[in-house]
There are 2 protein chains.
Amino acid sequence: MDAEAIKRSLGGSGLRCTPQRYAVMAFLMEHNSHPTAAQIFEAVNRVDPRSSRATTYNNLRDLVQAGLVREVAVEGRAARFDAKGMRHHHFICDRCGNVEDIEWYDVPRPASRSLGKRMLRECELIFRGLCTKCALRDTLPVKCRRHVGTR
Amino acid sequence: MDAEAIKRSLGGSGLRCTPQRYAVMAFLMEHNSHPTAAQIFEAVNRVDPRSSRATTYNNLRDLVQAGLVREVAVEGRAARFDAKGMRHHHFICDRCGNVEDIEWYDVPRPASRSLGKRMLRECELIFRGLCTKCALRDTLPVKCRRHVGTR
DNA sequence: TGAAGAATTTAGATTCTATCTAATGTGACA
DNA sequence: TGTCACATTAGATAGAATCTAAATTCTTCA
Ligand SMILES: [Mn+2]
Ligand SMILES: [Mn+2]
Ligand SMILES: [Zn+2]
Ligand SMILES: [Zn+2]
């Protein structure tokens, strides 16, 4: 949304604000759908200037390294990305694979005994189950369920 | 370790105890290193009987579906697997990528308000930071650090 | 200014990971 | 013993990410 804020955060991380990099960052800030690299590539190329696939991957890597973007570890195939705005947890749907934000709350750290000499940087909490849409679909009368089980 | 126990758990899940499937399960129970499918394939093929790559993947998929094996959500490229023994959390090293087990403790559920109509099945807690080896390496005197930063 | 040099982008090739296909093998059970 | 669902197999294919080497853009500073 705020173009100046994006420029500042890129500059503050030692990254030039190129049109391609800006487009990736802006797209992630405008959408909370946790898109894949391929989806981001397609979306930013619906408007000028065009960006190559390699550049999209390069920029996502740089933004993650700079701490501006998070790569959501999801067991599916393609990585999904997320602009690091407000802290939050994630809910991943068993059935449709959607990744949804869950309001953040503090997670108790492990006992220092079980942590040993490791240096803890962050705790990530991932919830799994059925998203609202899939949960409702499961409770529908049988005659209304079609194509269940077809992936 | 206990061959009979493995046979029982496979049978109990409706899976035949084939030599290939047994080898995958036994390897995962003997190693807590969270190997990739490629590593498992290579390991079980160092001994007879041989198993094809497709079978290794098929069996890993079946074992995960049966709930005997867990696929660890890790940001890297290849999925990593884990025999579901005692419940535990995971620690992933920022530097070397190793996945280590952390003693399990209860995780507070999100407020039902923020969960909405979603059906929660499980909470997965992932810690990130530096593993013991990498943390120690970082605190060594500079003259002893070699090859730092070479991937 | 305007080189020089560093950072970035690019198309396409390549590598890596996982799944699919269709043929073959195997074993539990009648 | 015959049957049939379950399993395995090699190789093809698909999908995701990275690499390469050349071109382009930006920053610096003489
Ligand atoms: Mn998110
Ligand atoms: Mn584990
Ligand atoms: Zn869903
Ligand atoms: Zn480490």
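Within every chain, numbering begins at 1; the chains are lettered A, B, ... in the order of the sequence lines, protein sequences first and strands thereafter.
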Using a cut-off of 4.0 Å on non-hydrogen atoms, how would the nucleic acid contact of [X] be classed: base, sugar-phosphate, or nothing?
X      : value
N58(A) : base
A54(A) : base
T18(A) : sugar-phosphate

**Fill in**
Ranking A79(B) and R53(A) by the position along DNA chain C of their nearest nucleotide, the one closer to 5' is R53(A)

Between [X] and [N], does any side-chain N or O lie under 4.0 Å from OP1 or OP2?
X      : N       : result
S51(B) : dT9(D)  : yes
R21(A) : dT8(C)  : yes
Y57(A) : dT18(D) : no
Q20(A) : dT25(D) : no
S52(A) : dT9(C)  : no

Without decimals, in angstroms, what is the distance between [X] [atom1] and [N] [atom2]?
X      : N       : atom1 : atom2 : result
K7(A)  : dC26(D) : NZ    : P     : 12 Å
L60(A) : dT18(D) : CG    : C1'   : 13 Å
E42(B) : dC16(C) : CD    : P     : 14 Å
Y22(A) : dT9(C)  : OH    : P     : 15 Å

**Complete:** Ranking dT25(D), dT17(C), dT8(D) by distance to the side chain of R16(A), first place goes to dT25(D)

**Request:** For P19(A) and for N59(B), locate the closest nucleotide of DNA chain D by heavy-atom distance; then report the residue assigned to the nucleotide nearer the 5' terminus.
**Result:**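 Nearest-nucleotide comparison on DNA chain D picks N59(B).
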
